There are 2 protein chains.
Amino acid sequence: MNGEETLDESASRVLNSLTGLENIYLEQLKSFSELDREPTARIISISYYALISTDENIQINEKYSAKWFDLKQFPNLIFDHNKMVQNAVTRLRYRASTQPIGFELLPEKFTMKDLQSLYEAIFDEKYDKRNFISKINSMDILVKTEEKDMTSSRKGSFLYRFDKEKYHKKLSQGYLFKI
Amino acid sequence: MNGEETLDESASRVLNSLTGLENIYLEQLKSFSELDREPTARIISISYYALISTDENIQINEKYSAKWFDLKQFPNLIFDHNKMVQNAVTRLRYRASTQPIGFELLPEKFTMKDLQSLYEAIFDEKYDKRNFISKINSMDILVKTEEKDMTSSRKGSFLYRFDKEKYHKKLSQGYLFKI
DNA sequence: ACAAAAGTGTTTCCTATACACCCATGC
DNA sequence: GCATGGGTGTATAGGAAACACTTTTGT
């Protein structure tokens, strides 16, 4: 980090220089301070994770040779970076079960199927679509649009939007998000 | 922190110099890095919380003028330290609901009433004793001893121990602690 | 007409909660 | 014998999970 920014700002800046993205959900995870975690010097790292929507068009800056990996088949990382990833997955699952961060990861309009697939990916579990949809509907934080996504079926499936205002209103009335 | 220790070690050392205690449960919370969090210099702090059992006999080192406060009536703290305390309470509650850290805070042998009072303090809620006890019993991680605590009633109440081995065996079989 | 995904309700089970009386003992 | 805290069981309600068929439409 630089001397003139917070750690959160620093994380934002790094993500931006890597992807060009701005205003991305970032959450601080934890510090890693083992003496021998890197061989050349004593380095303390504070890890973060970001939620990057599937509809963002990203040009990864080649300078850092970063790459996307599927969680189920990602390579061994150097130093303690495997631990960092594991820690990030755990935190992501906790966060996703207590806050509607799922919507950070979808385009503004999405189908119920998209939403279900996303949560299935986050928790690495399969859900029954009837139960999933009625759970989501019971939360009453989505708005059904008139539009349909016609790309995945002949019948087409309705698109929904996350209603931030409604959600925050419910929050202030003591509502607890729980999935 | 010194240059030759991890942050966890540093937290242990600070706690030890404050209280003389060793082998205390400590968990790292998060970093605080706002530019103006302290007026005199740019300081980044990593907060921790500790679980200190009610049966520890503690001599607080007067050098640091530390004091114990009841959470329900603790004073305003300087800088961003109120935030730190709030963050610690939130984490403690999360941890206590997913891991049996309650037992870190009790003597080796304790009554069901002790345990219930402890969880009531952590979550600032009252529980029905029948429901509480049957929930604890259904976990099957306590051992009832033959001994009774005679200090709180004429009848006396049985003392229990937390069975770490049993708990870890259950964990390895996929058991999830949940209170 | 048929293939492919969307959409929709009901039943069952289990967990969480509410609730009240008897027991053992010291005084 | 009574006051005090300890100990115990059951009934009810609500949420989670299991489960299958009809609809739409492009080809």
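Just so we're on the same page: letters track the sequence lines, and every chain starts at 1. Since we're looking at a predicted model, the values are computed, not measured.
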J.: G156(A) or D128(A): which one's nearest nucleotide on DNA chain D is closer to the 5' end?
T.: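 Nearer the 5' end of the strand: D128(A).
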J.: So for K129(B) and dG7(D), does any side-chain atom that can act as donor or acceptor lie under 3.5 Å from a complementary atom in the base?
T.: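 Donor-acceptor pair under 3.5 Å: yes.
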J.: From CG of N131(A) over to C1' of dT10(C), roughly how many Å is that when rounded to an integer?
T.: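 It is 11 Å, rounded to the nearest whole Å.
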J.: Students often mix this up, so state it plainly: with edges at 30° and 60°, are the rings of Y119(A) and F123(A) parallel, tilted or perpendicular?
T.: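 Plane angle under 30°, so parallel.
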J.: Taking atom types as they are modelled, is there a donor-acceptor pair under 3.5 Å from the base of dA24(C) to the side chain of K155(B)?
T.: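 Under the 3.5 Å cut-off, the side chain and the base do not form any donor-acceptor pair.
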J.: Name the closest nucleotide to the F158(B) side chain, picking from dC19(C), dA5(C), dG7(D).
T.: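 Selected nucleotide: dG7(D).
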J.: Would you kindly check if the NZ (Lys) or CZ (Arg) of K129(B) is within the cone defined by 45 degrees around the ring axis of Y127(B) and under 6.0 Å from the six-membered ring centre?
T.: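 No; the conditions do not both hold, so K129(B) does not lie above the ring face of Y127(B).
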J.: Whole Å only: how far is the CD1 atom of I133(A) from the P atom of dA20(D)?
T.: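 About 17 Å, once rounded to whole Å.
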J.: When you match K178(B) and R154(A) each to their closest nucleotide on DNA chain C, which lands nearer the 5' end?
T.: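 With K178(B) and R154(A) compared, the 5'-side residue is R154(A).
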J.: Given atom CE of M150(B) and atom C1' of dG5(D), what is their separation to the nearest angstrom?
T.: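 For the pair M150(B) CE and dG5(D) C1', the rounded distance is 11 Å.
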J.: K135(B) near the nucleic acid: base, sugar-phosphate alone, or nothing, with a heavy-atom cut-off under 4.0 Å?
T.: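 The residue K135(B) makes no contact with any strand.
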J.: Starting at CG of D149(B) and ending at P of dA24(C), how long is that distance when rounded to a whole Å?
T.: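 The answer, rounded to whole Å, is 18 Å.
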J.: Return the value, rounded to whole Å, for the distance between atom NZ of K144(B) and atom P of dG7(D).
T.: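 Rounding to the nearest Å, NZ of K144(B) and P of dG7(D) are 7 Å apart.
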J.: To the nearest Å, give me how far apart NZ (K126(B)) and P (dA16(C)) are.
T.: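 To the nearest whole Å, that distance equals 21 Å.
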J.: Separation of K113(B) atom NZ from dG7(D) atom P, in whole Å?
T.: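 Between P of dG7(D) and NZ of K113(B): 11 Å.
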J.: Would you call the rings of Y167(B) and F177(B) parallel, tilted or perpendicular, where under 30° means parallel and over 60° means perpendicular?
T.: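 Perpendicular.
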J.: Could you tell me if the ring centre of F74(A) sits under 6.0 Å from that of F69(A)?
T.: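 When the ring centroids of F74(A) and F69(A) are compared, they turn out to be at least 6.0 Å apart.
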J.: Taking only Lys NZ, Arg NE, NH1 and NH2, and the carboxylate oxygens of Asp or Glu, determine whether D128(A) and R130(A) approach each other closer than 4.0 Å.
T.: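 Looking at R130(A) together with D128(A), the answer is yes, because their closest N to O distance falls below 4.0 Å.
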J.: For R130(A) and dA16(D), give me the distance from atom CZ to atom P, rounded to whole Å.
T.: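 R130(A) atom CZ is separated from dA16(D) atom P by 17 Å.
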